[in-house]
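In what follows, a structure is listed as structure tokens, so that the remarks can point back to it.
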Amino acid sequence: MQSLKSISVAVLCLSFLSNCTHSKKENTSGFTNYLNTLVKPVMEKNKIPGISIAVSVKGKHTFFNYGLASKENHIEITNKTLFELGSVSKTFTATLASLSQVNGTLNFSDPVSKYMPELKNTAFDHIKLYNLGTHTAGGFTLQLPDEVTNNKQLIEYYKNWKPDYPAGTQRMYTNPSIGLLGVIAGRTMQQPFTAAMTENVFAKMSLNNTFYKIPAKNMNDYAWGYDNNDKPIRLNPGVLADEAYGVKSCTQDMIKFVDANMGIGKIDSKLSAALMKTHTGYFNTSEMTQDLIWEQYNYPVTLEQLQKGNSYDLIYKPNPVSEIIPHQKPQTDVLINKTGATNGFASYVMYVPSKKIGIVILANKNYPNSERIDIAYKILSYVEKNMSL
């Protein structure tokens with residue numbers, strides 16, 4: 001029989017006003033109250049069923065869970081609830097490619113066609129691997145054409161693709177670009193992409209609840225996403241989905257990933273080096289520095305600048321870039337972030353290596369980048385002032 005307390009929590013969840021759950025409540029009440037004022041209005045405004053937030057301060061984790069993973073079954077959000085990460089998945093793809101470079105089986109300065117013989121005597125003779133990881137290959141569209149439904153058609157698409165701009169001159173946010181880098185990373189590991197990622201990245205960071213294909217025993221943890229009509233929805237994967245937007249994970253795992261990116265915790269030395277190298281600065285845009293998928297700002301940064309750098313103009317329009325030569329070594333006095341979304345989910349990751357503060361926000365409905373960033377930025381500001389939850 002359910003206790004009165006658990007029934008009360010369920011009732012609150014149904015109205016999207018659930019009290020967050022977290023560890024060490026006696027040390028977090030002030031922060032919890034503050035977070036409630038940030039999160040609950042956004043959930044109500046956007047009709048978001050559930051949000052899970054993780055905060056890391058010098059490796060100490062605090063979790064805050066709001067609402068429901070499934071409205072139909074009244075399943076509450078937990079630290080292990082699995083969300084679709086959308087484009088935050090790209091940061092893992094960049095990590096695998098970076099690990100291949102650390103292993104000596106790939107060089108980001110090589111032309112793409114060196115690793116894809118099928119693409120010799122095409123535009124990819126002149127496009128470098130780091131262009132694929134920085135959205136600067138020359139003007140790929142955001143998505144693959146609908147008619148590309150298998151690997152044979154994918155190769156033909158790349159063979160026939162003509163860049164709109166010289167490589168390294170314009171940033172166009174794109175899935176086909178990072179998708180191709182993922183294909184190459186898997187080849188250099190001599191494994192299928194998802195197997196290479198699972199064995200060489202997920203497992204070595206003990207990301208035990210992070211998947212491409214969710215095992216049957218973990219399906220109960222998989223949240224339902226909700227579309228603009230509040231209908232339940234989950235990812236319908238297509239070609240390059242795994243490489244570009246296909247990871248499912250939870251705040252418990254993602255905050256470990258953030259920690260590893262800040263140099264916190266003990267992981268394989270080569271993998272640690274690979275993570276750091278994804279923070280290499282390759283290009284400057286008008287608002288931020290483009291690393292390997294990660295987007296970087298000098299710290300401190302204003303909320304306005306962070307909003308501009310994550311605006312839809314930066315996603316959907318070409319933006320001129322200037323290459324940083326030599327490429328900028330990884331910095332610590334910076335804020336690094338990445339947004340992601342699928343049709344039913346939204347994600348945001350932000351961290352400041354010099355402060356050892358990291359934030360993960362996962363939701364089972366897509367909502368504006370600006371609102372995710374506002375929450376995370378205000379969390380960061382609060383934590384910086386208090387530095388202890």
Side-chain angles (χ1 to χ4, degrees), residues 56 58-59 88 90-112 114 127-137 167-171 173 177-178 181-182 184-185 188 200-201 204-205 256-302 305-306 309-310 314 319-338 349-359 380:
S56 177
K58 297 180 179 178
V88 170
K90 293 176 171 66
T91 65
F92 286 104
T93 302
T95 300
L96 185 68
S98 184
L99 179 60
S100 184
Q101 177 165 271
V102 170
N103 289 339
T105 52
L106 173 156
N107 188 316
F108 281 113
S109 294
D110 286 337
V112 172
K114 177 177 178 178
I127 295 169
K128 298 177 180 179
L129 294 189
Y130 68 76
N131 294 127
L132 297 182
T134 56
H135 311 295
T136 60
T169 63
Q170 297 281 334
R171 179 186 185 270
Y173 191 85
S177 182
I178 187 64
L181 182 61
I184 291 169
T188 61
N200 295 286
V201 179
K204 289 185 177 179
M205 278 195 279
K256 288 194 283 186
F257 180 56
V258 167
D259 274 358
N261 272 277
M262 295 192 293
I264 297 173
K266 294 182 178 180
I267 62 172
D268 176 83
S269 60
K270 286 187 174 182
L271 181 55
S272 180
L275 288 166
M276 294 306 112
K277 288 181 182 297
T278 65
H279 306 165
T280 299
Y282 286 91
F283 293 93
N284 283 325
T285 73
S286 60
E287 305 299 337
M288 54 81 178
T289 297
Q290 181 67 64
D291 298 347
L292 284 175
I293 295 300
W294 294 112
E295 296 151 14
Q296 177 178 290
Y297 301 79
N298 291 331
Y299 195 75
V301 59
T302 65
Q305 186 180 355
L306 202 56
N310 285 280
L314 264 289
N319 286 267
V321 295
S322 57
E323 187 165 0
I324 303 169
I325 299 175
H327 296 149
Q328 185 184 69
K329 293 181 179 180
Q331 307 290 301
T332 58
D333 282 332
V334 292
L335 183 151
I336 298 173
N337 79 169
K338 185 70 187 78
V349 174
M350 167 198 286
Y351 53 96
V352 181
S354 64
K355 301 291 184 180
K356 296 292 189 276
I357 300 173
I359 300 160
L380 175 63

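This structure is a prediction, so every number in the text was calculated from the model and none was measured.
Residues forming a side chain to side chain donor-acceptor pair (under 3.5 Å) with K256 (at least two apart in sequence, or on another chain): none. In this structure Y297 satisfies the ring-ring contact (aromatic ring centres under 6.0 Å, His included) test with no other residue, sequence neighbours excluded. Listed by chain and number, the residues in a side chain to side chain donor-acceptor pair (under 3.5 Å) with T188 are S100 (sequence neighbours excluded). Qualifying salt bridge (charged side-chain N to carboxylate O under 4.0 Å, His left out) partners for D333, counting only residues two or more places apart in sequence or in other chains: none. Partners of E323 by salt bridge (charged side-chain N to carboxylate O under 4.0 Å, His left out), not counting sequence neighbours: none found. K128 meets the salt bridge (charged side-chain N to carboxylate O under 4.0 Å, His left out) test with no other residue; sequence neighbours excluded. Residues satisfying the side chain to side chain donor-acceptor pair (under 3.5 Å) criterion with Q170, sequence neighbours excluded, are absent altogether. The salt bridge (charged side-chain N to carboxylate O under 4.0 Å, His left out) check on K204 picks up nothing, with sequence neighbours excluded. Legend: residues meeting side chain to side chain donor-acceptor pair (under 3.5 Å) with T136, ordered by chain and number and at least two apart, are N131, T134.
Among residue pairs with one or both ends in residues 284-297, those qualifying as salt bridge (charged side-chain N to carboxylate O under 4.0 Å, His left out) are R171-E295; sequence neighbours excluded. The stretch residues 350-359 participates, sequence neighbours left out, in these salt bridge (charged side-chain N to carboxylate O under 4.0 Å, His left out) pairs: K355-E384.
The shortest non-hydrogen separation linking Y299 to L380 is OH-CD2, 3.6 Å. Pairing each heavy atom of A94 with each of I293, the nearest pair is CB-CG1, 4.0 Å. Heavy atoms only, all atoms of each residue included: S98 and A274 are closest at OG-O, 2.7 Å. Across L129 and N107, no two heavy atoms sit closer than the pair CD1-O, 3.4 Å. Looking at every heavy atom in both residues, T289 comes nearest to G281 through CG2-CA, 3.8 Å.
At a cut-off of 3.5 Å, with distance as the only test, a side-chain donor of Q296 or Q328 sits close to an acceptor on the other residue.
Counting only heavy atoms from C-beta outward, the side chains of I127 and P111 never approach each other to under 4.5 Å. A 4.5 Å side-chain heavy-atom check between V349 and T91 finds every atom pair outside the cut-off. Side-chain contact between W294 and K338 is present, with at least one heavy-atom pair separated by less than 4.5 Å. When side chains are defined from C-beta on, V352 does not count as touching V334, because their heavy atoms never get closer than 4.5 Å. Using a 4.5 Å heavy-atom threshold, the side chains of L292 and F108 count as touching. Looking only at side-chain heavy atoms (C-beta outward), I184 and V112 come within less than 4.5 Å of each other. Residues K90 and Y173 form a side-chain contact, since some pair of their non-hydrogen atoms from C-beta on lies under 4.5 Å apart.
The closest donor-acceptor contact from the side chain of Q101 to the backbone of G104 lies at 3.5 Å or more, if one exists at all. T332 places no side-chain N or O within 3.5 Å of a backbone atom of S354 that could act as its donor or acceptor partner. Between the side chain of Q290 and the backbone N or O of M288 there is no donor-acceptor pair closer than 3.5 Å.
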Taking distance alone, no hydrogens or angles, what donor-acceptor pairs closer than 3.5 Å link side-chain atoms of residues 259-270 to residues at least two apart or in another chain?
| from | atom 1 | to | atom 2 | distance (Å) |
| --- | --- | --- | --- | --- |
| D259 | OD1 | S56 | OG | 2.6 |
| D259 | OD2 | H61 | NE2 | 2.6 |
| N261 | OD1 | H279 | NE2 | 2.9 |
| N261 | OD1 | Y351 | OH | 3.4 |
| N261 | ND2 | F257 | O | 3.0 |
| D268 | OD2 | K270 | N | 3.1 |
| D268 | OD2 | L271 | N | 3.0 |

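Within 6.0 Å of CG on N103 lie more than 12 heavy atoms contributed by other residues, nucleotides or ligands.
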Residue pair N319, L314: steps toward the side chain to side chain contact (heavy atoms under 4.5 Å, CB included) verdict: CA-CA 7 Å; N319 286 267; L314 264 289; 4.0 Å; yes
Could you walk me through whether L275 and M205 pass side chain to side chain contact (heavy atoms under 4.5 Å, CB included), step by step? CA-CA 11 Å; L275 288 166; M205 278 195 279; 4.1 Å; yes
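Ring planes of Y130 and H327: perpendicular class, angle over 60° (limits at 30 and 60°).
Atoms OG1 and CG, from T95 and N200 in turn, are 12.0 Å apart once rounded to the nearest 0.5 Å.
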